[in-house]
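Okay, structure first, notes after.
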Amino acid sequence: MDDFFAPPAFKPEEALTGLQRSLRALGLSAQGTGFSWQGRRVAEIAVADGVIQARVARRPAMQPEFEMVTLKSGADVRKWLDDIKKRLDRWSDAE
């Protein structure tokens, strides 16, 4: 009875597929495990050890400085995707 309100098990491969689809819907171009915005690599995602390892650029550049994040649940994936949306808005405004 303790597991009645437990969230569903995190399936990183399924979450990765959904995340890739969401990033393309935001206008990012897929290039292998990475995604580009206006020709500059801004994100990379891959499954490793049952979690999603994600990197996002602090700002778009030819040689970006990346921040690493480990996504262990659906909530982590949604939060990371929201952060990407905010960064894209900020980068678009700066252009």
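Note that the numbering runs from 1 along the sequence shown for the chain. Quantities reported herein were computed from a predicted structural model and do not represent experimental measurements. Only heavy atoms go into these numbers, but all of them, side chains included; no hydrogens, no water, no symmetry mates.
Atom CG of Asp82 has more than 12 neighbouring heavy atoms from other residues, nucleotides or ligands inside a 6.0 Å radius. Taking a 6.0 Å sphere around CZ of Arg59, one finds it holds 12 or fewer heavy atoms contributed by other residues, nucleotides or ligands.
Scanning both residues, Ala54 and Met68, for their nearest heavy atoms gives O-SD, 3.3 Å. For the residue pair Pro12 and Val47, the shortest heavy atom distance occurs at O-CG2, 3.8 Å. A pairwise comparison of heavy atoms in Leu71 and Asp76 identifies CD2-O, 3.6 Å as the closest pair. Taking all atoms of both residues into account, the shortest heavy-atom contact from Lys72 to Val51 is CG-CG1, 3.8 Å. When all heavy atoms of Ser92 and Trp37 are compared, the closest pair comes out as OG-CZ2, 3.7 Å. The two residues Leu16 and Ala46 make their nearest non-hydrogen contact at CD1-N, 4.3 Å.
Interatomic distance, CD of Gln38 versus OG of Ser29, reported as 10.0 Å (0.5 Å rounding). Here CZ of Phe35 is found 5.0 Å from CD of Gln20. Values are rounded to the nearest 0.5 Å. In this structure, Lys86 NZ and Asp89 CG are separated by 10.0 Å, a value rounded to the nearest 0.5 Å. Distance check, rounded to the nearest 0.5 Å: CD of Gln53 to OG1 of Thr33 gives 12.0 Å. Interatomic distance, OG of Ser22 versus CZ of Arg78, reported as 11.0 Å (0.5 Å rounding). Note that CH2 of Trp80 is 5.5 Å distant from CG of Leu19, once rounded to the nearest 0.5 Å.
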Carefully, step by step, assess Ile45 and Leu23 under the rule side chain to side chain contact (heavy atoms under 4.5 Å, CB included). CA-CA 10 Å; Ile45 53 176; Leu23 291 172; 4.0 Å; yes
Would Ile84 and Val42 count as a side chain to side chain contact (heavy atoms under 4.5 Å, CB included) if you check the C-alpha gap in whole Å, the side-chain angles of each, and the deciding distance to 0.1 Å? CA-CA 9 Å; Ile84 294 290; Val42 295; over 6 Å; no
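Residues meeting the salt bridge (Lys or Arg N to Asp or Glu O under 4.0 Å) test with Arg40, sequence neighbours left out: Glu95. Glu65 pairs by the salt bridge (Lys or Arg N to Asp or Glu O under 4.0 Å) definition with Arg58, not counting sequence neighbours.
Salt bridge Arg87/Asp83: present, at least one basic N to carboxylate O contact under 4.0 Å.
For residues 42-70, there are no ring pair (Phe, Tyr, Trp, His ring centres under 6.0 Å) pairs, not counting sequence neighbours.
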